[in-house]
Structure formats: C-alpha cells, structure tokens
Amino acid sequence: SAVRSMTDLGQLGAYALPQSRVTISTVGVVPRMKQLVRDLPGLSLALSLHAPTQELREKIVPSAKHVSMEDLLSAMDLHLEQKTARAMIEYVLLSEEN
C-alpha cells in the first residue's frame, strides 16, 4: 500500500512517482517478492543478501533460516522477466563476518 500511495496520480498529481522510479528493499520474503511481480511489475527490487553462502547468511540475517538462496534467486529471476523491472543486490560489509 505504501507504493500505491507514492505512485497514485489521483492522490498526488504531479508529485506522484512513476513505479519505475521506486525501489523496494527486502531480505527475502519470497511470497511478497512474487506478489510484487504480479501487482507492481514495473517496480525495482533490491535484495539484501549480505553473504555469499547460505550458512553465513543465516548467521547475519536470522530470517534467512526459512528461505534458501536458491528460492531467493529464483524469485529475483521471476522479477527480472518483467521487461521494465530492475533489480539489485545489497550487501553490507561487516568486519570479520563477511
């Protein structure tokens, strides 16, 4: 609903943002990532990966225990199938961690 509020021409008029200029960041809630593809196909998506392996990712991002990297990357691929969509990987460097 936040994205719809930012992109609603009827509500914001000239101040509305085009969907192609909005990026949503996620640590990998796969069902919601897939929902974005269906509901807002032009939206950009940023995946906060933070680690090169599943094991390290689970240590840094506790919710990663419930989602495999394979599932995340599959959801990103689905997102990128949309011709107007963009995606990026976010990676925070933590001293002596990753």
Side-chain angles (χ1 to χ4, degrees):
S1 66
V3 173
R4 292 206 190 278
S5 296
M6 291 184 286
T7 59
D8 184 0
L9 281 173
Q11 182 178 342
L12 297 174
Y15 298 105
L17 298 170
Q19 284 184 13
S20 62
R21 303 297 260 172
V22 176
T23 300
I24 296 292
S25 179
T26 180
V27 293
V29 183
V30 173
R32 299 291 284 164
M33 291 169 71
K34 290 179 178 179
Q35 182 181 359
L36 278 174
V37 171
R38 286 190 308 270
D39 296 347
L40 300 163
L43 205 68
S44 295
L45 187 61
L47 175 60
S48 300
L49 204 53
H50 304 313
T53 65
Q54 181 67 22
E55 180 181 26
L56 182 56
R57 189 166 190 276
E58 288 176 11
K59 182 179 174 187
I60 297 169
V61 182
S63 64
K65 292 178 177 128
H66 307 290
V67 181
S68 72
M69 285 243 231
E70 189 174 312
D71 289 344
L72 287 175
L73 296 177
S74 178
M76 287 296 276
D77 286 342
L78 180 65
H79 178 75
L80 288 170
E81 288 175 6
Q82 305 300 313
K83 300 301 180 207
T84 58
R86 288 184 275 168
M88 65 183 113
I89 302 293
E90 298 172 321
Y91 197 98
V92 174
L93 296 176
L94 302 171
S95 180
E96 299 182 32
E97 289 291 330
N98 62 353

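Each residue takes its place number in the sequence, starting with 1.
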Item to check | Separation of L45 CG from T23 OG1 (nearest 0.5 Å) | outcome: 8.5 Å
Checklist entry - Cluster question for you: counting only ILVMFWY and a side-chain heavy-atom cut-off of under 4.5 Å, with indirect links fine, are M69 and V61 together? => result no
Checklist entry - So how far is it from M76 CE to E81 CD, rounded to the nearest 0.5 Å? => result 12.5 Å
Checklist entry - What pair of heavy atoms forms the shortest contact from V67 to R57, and how long is it? => result O-NH1, 4.5 Å
Checklist entry - Which heavy-atom pair separates H79 from A87 by the least distance, and what is that distance? => result CD2-CB, 4.0 Å
Item to check | Note, L80 side chain near R86 side chain (heavy atom, < 4.5 Å) | outcome: no
Checklist entry - What's the spacing between H66 NE2 and E58 CD if we round to 0.5 Å? => result 9.0 Å
Checklist entry - When rounded to the nearest 0.5 angstrom, what distance separates CG in L78 from CG in L73? => result 12.5 Å
Item to check | Minimum heavy-atom distance between A75 and V30, given as atom pair plus value | outcome: CB-CG1, 4.1 Å
Checklist entry - How close do Y91 and A51 get, heavy atom to heavy atom, and via which atoms? => result CE1-N, 3.3 Å
Checklist entry - Does the side chain to side chain donor-acceptor pair (under 3.5 Å) test come out yes or no for S25 and E90, once each step is laid out? => result CA-CA 8 Å; S25 179; E90 298 172 321; 2.6 Å; yes
Next on the checklist: Return the CD to NE2 distance between E97 and H50, rounded to the nearest 0.5 Å.
Outcome noted: 12.5 Å
Checklist outcome for this item: What one should report as the nearest heavy-atom pair of M33 and L72 is CE-O, 4.1 Å
Checklist entry - Would you say L49 and V92 are hydrophobically clustered, going by side-chain heavy atoms of ILVMFWY under 4.5 Å? => result no
Checklist entry - What about V22 and V29, same hydrophobic cluster or not, with Ile/Leu/Val/Met/Phe/Trp/Tyr joined at side-chain heavy-atom distances under 4.5 Å? => result no
Checklist entry - How many angstroms lie between atom OG of S48 and atom CE of M88, to the nearest 0.5 angstrom? => result 10.0 Å
Next on the checklist: Using every non-hydrogen atom in the two residues, find where Q54 and A64 come nearest and quote the distance to one decimal.
Outcome noted: NE2-O, 3.0 Å
Checklist entry - Out of curiosity, does L43 fall in the hydrophobic cluster containing I89 (side-chain heavy atoms, cut-off under 4.5 Å, transitive links)? => result yes
